[in-house]
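Structure first, then comments.
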Amino acid sequence: MVQVSVTAAKSQLTELVRRAEEGEEVVLTRHGQPVIALTRVTQELTPEELIEKRTKALDKLLAASFKVTPGPDAAHAADFLYGPDGLPK
């Protein structure tokens, strides 16, 4: 936790905000007494937004994990079962 006087905070505001954004607790004091805390604001997602965000993350993960290579088309999928004469091997 960082405690800084309001007077000193005026010249360090950018740095104090950065530290609060990173999750550090920043408390501003007046005459040695805590008066206010700077905290990171977390965005509340609607259920629909949360589902969309998770779906995009899963799609990205699956795309990176599985490389799909095209196989034979349906008309030739069983060609390996038959010889050049058209009879089963």
Side-chain angles (χ1 to χ4, degrees):
M1 177 175 69
V2 176
Q3 287 193 348
V4 180
S5 71
V6 172
T7 305
K10 290 178 185 178
S11 64
Q12 304 175 41
L13 186 58
T14 302
E15 174 65 14
L16 295 172
V17 169
R18 183 193 62 75
R19 291 172 77 167
E21 285 175 328
E22 292 176 355
E24 190 170 347
E25 187 178 357
V26 178
V27 176
L28 303 184
T29 62
R30 182 173 283 134
H31 306 295
Q33 299 298 314
V35 291
I36 195 160
L38 298 178
T39 59
R40 174 179 54 208
V41 175
T42 57
Q43 180 183 1
E44 293 292 326
L45 298 177
T46 65
E48 293 81 14
E49 291 171 329
L50 185 58
I51 289 170
E52 182 179 343
K53 186 175 181 178
R54 288 180 178 175
T55 302
K56 285 181 181 179
L58 284 172
D59 289 345
K60 186 176 178 181
L61 179 65
L62 289 173
S65 300
F66 300 104
K67 301 294 181 195
V68 177
T69 56
D73 59 8
H76 301 286
D79 283 352
F80 70 95
L81 297 173
Y82 301 96
D85 57 1
L87 297 174
K89 289 185 181 180

Next item on the list: Hydrophobic side-chain clustering at under 4.5 Å (ILVMFWY, transitive links): who's grouped with V6? Put none if nobody.
Entry: V2, V4, L16, V26, L28, V35, I36, L38
Note to self: What I want to find out is whether R18 reaches E15 closely enough, with some N-O distance under 4.0 Å, to be called a salt bridge.
What the structure shows: yes
Checklist line | Heavy-atom pair with the smallest gap, counting every atom of A8 and S11 | finding: O-OG, 3.1 Å
Check: For atom CD of E22, is the number of surrounding heavy atoms from other residues, nucleotides or ligands below 6.0 Å larger than 12?
Finding: yes
Margin query: Apply the hydrophobic cluster definition, ILVMFWY joined by side-chain contacts under 4.5 Å directly or through others, and give me every member besides F80.
Written below: L81, Y82
Check: Between atom CD1 of I51 and atom CG of L58, what is the distance when rounded to the nearest 0.5 Å?
Finding: 12.0 Å
Item checked: Atom pair CD/CD of E25 and Q3 - distance to nearest 0.5 Å -> 8.5 Å
Check: Can you list every salt bridge (charged side-chain N to carboxylate O under 4.0 Å, His left out) pair that touches residues 46-56, not counting sequence neighbours?
Finding: E52-K56
